[in-house]
Amino acid sequence: MSDSRYIEVAIHLPVFQTYTYSVPEPLLLQAVCGRRVQVPFGRQMVAGTVLGEATACDNAEIKPVAAVLDDGPLFPATMIPFFRWVADYYLYPLGETIANALPAGDLPKKSAPPVGKIPKDAVGDPILPDTPPDLTTDQEAVVADLVSRLDAGFCSCLLAGITGSGKTEVYMRVVAAALAMGKTALVLVPEIALIAQAEHRFCARFGHTVAVLHSGLSRTERWHQWSKIARGEAAIAIGTRSAVFAPLDRPGIIIVDEEHDTSYKQESGLRYNACDLAVVRAKLSDAVVVLGSATPSVQSLHNATTGKFSKTYRMDRRINRQPLPAITVVDLREQQARRGPRAYISDELHRAMAETLAQGNQVLLFLNRRGFASLPVCAACGNTIKCKHCDISLTLHKGANAFRCHFCGYSRAAARGCDICGSSSIKLLGLGTEKVEEAVKQLFPEASVARLDRDTTTRKGAMLRILKDLKNRKIDILVGTQMIAKGHDFPGITLIGVICADLSLNFPDFRAGERTFQLLAQVAGRAGRGVDPGRVILQTYNPDHLCIAAATRQDGSAFYDQEIAFRRQLGYPPFSRMVHLHISATDPAKAKARAREAGDCCTALKNSAPAVFGAVEVLGPVEAPIHKLASRYRWQILLKSRSAAAVKSFAARLLAQDGQRLRKGGVRLVVDVDPFFMM
DNA sequence: ACTCAACGAGAG
DNA sequence: TCTCGTTGAGTA
């Protein structure tokens with residue numbers, strides 16, 4: 001049995017088939033499931049992953065495996081059905097799916113990972129063991145119920161717990177119970193910044209059985225963490241979305257923290273949603289999956305009400321019994337006559353900041369846009385300073401003294417001035433965190449002001465440094481983007497100012513309202529985590545907008561009720577499934593023509609089998625909202641249907657029949673199953 | 001991704 | 001008629 005002659009290999013190239021290879025005698029023991037092999041493919045040698053044994057096929061000449069690349073399996077055989085599911089669902093080649101999941105590059109041969117050292121955090125401070133706190137009655141009830149489900153097969157649960165209700169402690173107790181049963185645990189966190197916190201707490205509780213996986217690790221470190229899990233030396237994997245592929249053997253519990261967060265959606269290459277995949281992986285592993293959030297996604301709430309989830313837990317009280325902060329709305333339309341900093345720091349906010357600082361407390365100002373000015377306009381000729389490669393205005397970054405494109409990354413010196421007339425007199429319209437920081441420094445010269453956004457946190461450990469300074473009261477006022485909205489616990493903060501609540505409202509997709517509500521509710525939750533109660537001042541141009549009004553009242557169920565009615569009426573998810581097709585080319589005419597062609601293919605396919613595909617709506621082709629991005633002209637087609645199976649097979653058929661033809665001549669066709677951002 | 005065969009426009 | 005560059009199909 002063990003001396004099988006043939007194996008199935010997924011080639012790490014964009015090919016949809018798998019291939020059969022023979023295994024020469026000396027490699028029989030090594031060429032096994034989960035290891036990578038080098039195989040002849042056409043005239044060249046390529047890498048592939050062994051999926052398992054195969055029977056000889058007689059319609060092709062079978063070549064032998066050339067070499068086995070790994071000393072041990074990179075993932076357990078139990079993950080192969082999961083990889084197959086992912087490849088099939090996202091219409092992505094299996095070999096590339098696996099290659100995407102694995103750490104990049106090759107496993108470094110030398111230098112074993114350090115063992116037994118005192119665990120350190122990202123700025124080098126030691127992590128000390130913790131003592132588990134007593135649970136609240138809310139927490140106790142949830143933990144008891146979840147633990148009772150651990151050995152009872154697949155189970156999906158929603159944990160809707162308000163900010164500060166102690167969800168992380170619940171996770172840790174359930175993980176401890178799973179470990180005690182000999183199972184492993186997977187914990188997903190939306191972004192790297194939150195890993196530091198989660199890692200800290202899990203390491204303090206569980207020590208060296210914790211492994212972390214995220215893109216901030218060096219290639220070597222990533223491989224170390226990966227193989228620590230693959231070898232069974234770590235039973236807990238904590239990570240960002242790609243960690244949903246962590247090579248854990250028997251996950252008993254899978255946790256998705258802040259499950260509503262859009263960063264679980266991968267927006268390039270294999271466009272998966274780690275939250276959805278966590279549920280799939282749990283199902284294929286007979287595990288319990290917990291989706292936790294203070295502001296659950298509309299999709300999850302819908303799943304909870306329709307019984308698609310096994311159980312919903314609510315934790316409506318904060319651990320410290322503090323009430324949620326009171327929210328005051330300021331109508332920015334009434335501020336429009338004002339000039340300078342006071343145009344976006346209203347009297348109410350200014351006064352509240354002064355009071356808070358006088359009390360010795362801290363202030364958080366939230367604006368979901370980085371840079372100084374997002375709309376630089378030439379004062380001489382009226383030209384908007386735009387990106388060379390995109391149809392988007394550049395953002396002035398004063399710190400870097402450069403204009404930058406937030407979409408393609410293009411950057412040019414600000415000193416060069418207008419690119420049409422050369423004038424150096426540029427009007428700096430549009431607001432960003434840098435401008436707010438500058439204004440606040442002017443208005444409160446005595447206060448210590450810091451900024452937390454992607455620009456101030458690029459260096460390793462910079463983020464944690466700022467957060468620690470905040471905790472140690474070295475910062476009085478912190479200005480930040482959505483980075484500050486997520487998960488952090490700042491006991492000294494009693495005032496939150498939302499500079500402009502409307503920025504995420506105008507995105508061209510149906511989830512804009514949902515994201516705005518969640519962001520505002522999350523930001524508001526940062527206040528009053530300590531002894532003193534908190535308050536929030538929310539500035540907006542749309543005080544009457546339903547989702548802003550609901551966020552103001554902190555009324556999640558009102559938001560959900562109106563949003564779900566809106567989605568039902570318009571047939572949006574969760575009442576339909578969508579597949580988004582992107583067509584792009586560097587030549588605008590070519591992009592347009594090919595988009596037309598793709599649209600015709602869709603219509604033809606629909607008409608070819610009206611019984612099956614009649615229920616699939618084909619919307620478009622239309623120009624993408626950002627028509628030019630990174631020098632490519634973009635078009636899109638949206639496939640939509642109440643039947644998930646219908647859209648899915650429609651897209652699969654379209655790709656099989658017309659994919660190659662539509663992709664020729666430098667035209668890109670990208671398929672996004674369950675799209676999030678349709679820009 | 002790479003490679004080979006097929007096809008089509010320009011030089012002899 | 002020959003050659004170079006581009007395009008499309010196939011890789012076990």
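Within every chain, numbering begins at 1; the chains are lettered A, B, ... in the order of the sequence lines, protein sequences first and strands thereafter. Atoms considered below: every heavy atom in the structure, side chains included; atoms not considered: hydrogens, waters and symmetry mates.
- Closest contact between the side chain of A:Gln660 and the listed nucleotides C:dA9, B:dC2, C:dA12 involves C:dA9.
- A:Leu94 places its CG atom 18 Å from the P atom of C:dA12, with the value rounded to the nearest Å.
- In this structure, A:Glu8 places its CD atom 15 Å from P of C:dA12, rounding to the nearest Å.
- If you check C:dA12, B:dC4, B:dA1 against the side chain of A:Arg43, the one that comes closest is B:dC4.
- Nucleic acid contact for A:Tyr21: sugar-phosphate only, since backbone atoms but no base atoms lie under 4.0 Å from a heavy atom of the residue.
- Rounded to whole angstrom, the span from the NE2 atom of A:His12 across to the C1' atom of B:dC2 amounts to 17 Å.
- Of the candidates B:dC2, C:dA12, C:dT11, C:dT11 carries the atom nearest the A:Val15 side chain, counting heavy atoms from C-beta on.
- A cation-pi geometry, defined here as NZ or CZ lying under 6.0 Å from the six-membered ring centre and within 45° of its normal, does not hold between A:Arg404 and A:Tyr410.
- C:dA12 atom P lies 21 Å from atom CZ of A:Arg5, rounded to whole Å.
- Regarding A:Glu61, its CD atom lies at a distance of 17 Å from the P atom of C:dG10, rounded to whole Å.
- Rounded to whole Å, the distance from CZ on A:Phe41 to C1' on B:dC2 is 10 Å.
- Atom CZ in A:Phe16 sits roughly 15 Å away from atom C1' in C:dA9 (whole-Å rounding).
- Closest contact between the side chain of A:Gln44 and the listed nucleotides B:dC2, C:dG8, C:dA12 involves B:dC2.
- Atom CD of A:Gln38 is separated from atom C1' of B:dC2 by 14 Å (rounded to the nearest Å).
- A:Lys664 has no side-chain polar atom (N or O) that falls below the 4.0 Å cut-off from OP1 or OP2 of C:dT7.
- Side-chain contact check for A:Phe16 versus A:Glu96: every heavy-atom pair is 4.5 Å or farther apart.
- When only modelled atom types and interatomic distance are considered, A:Tyr89 and A:Asp674 share a side-chain donor-acceptor pair under 3.5 Å.
- Within the nucleic acid shown, A:Leu13 comes within 4.0 Å of at least one base atom, counting heavy atoms only.
- With A:Phe82 as the aromatic partner, A:Arg281 meets the cation-pi criteria of under 6.0 angstrom to the ring centre and within 45 degrees of the ring axis.
- Listed for the A:Thr209 side chain is no donor-acceptor partner under 3.5 Å among the backbone atoms of A:Ala234.
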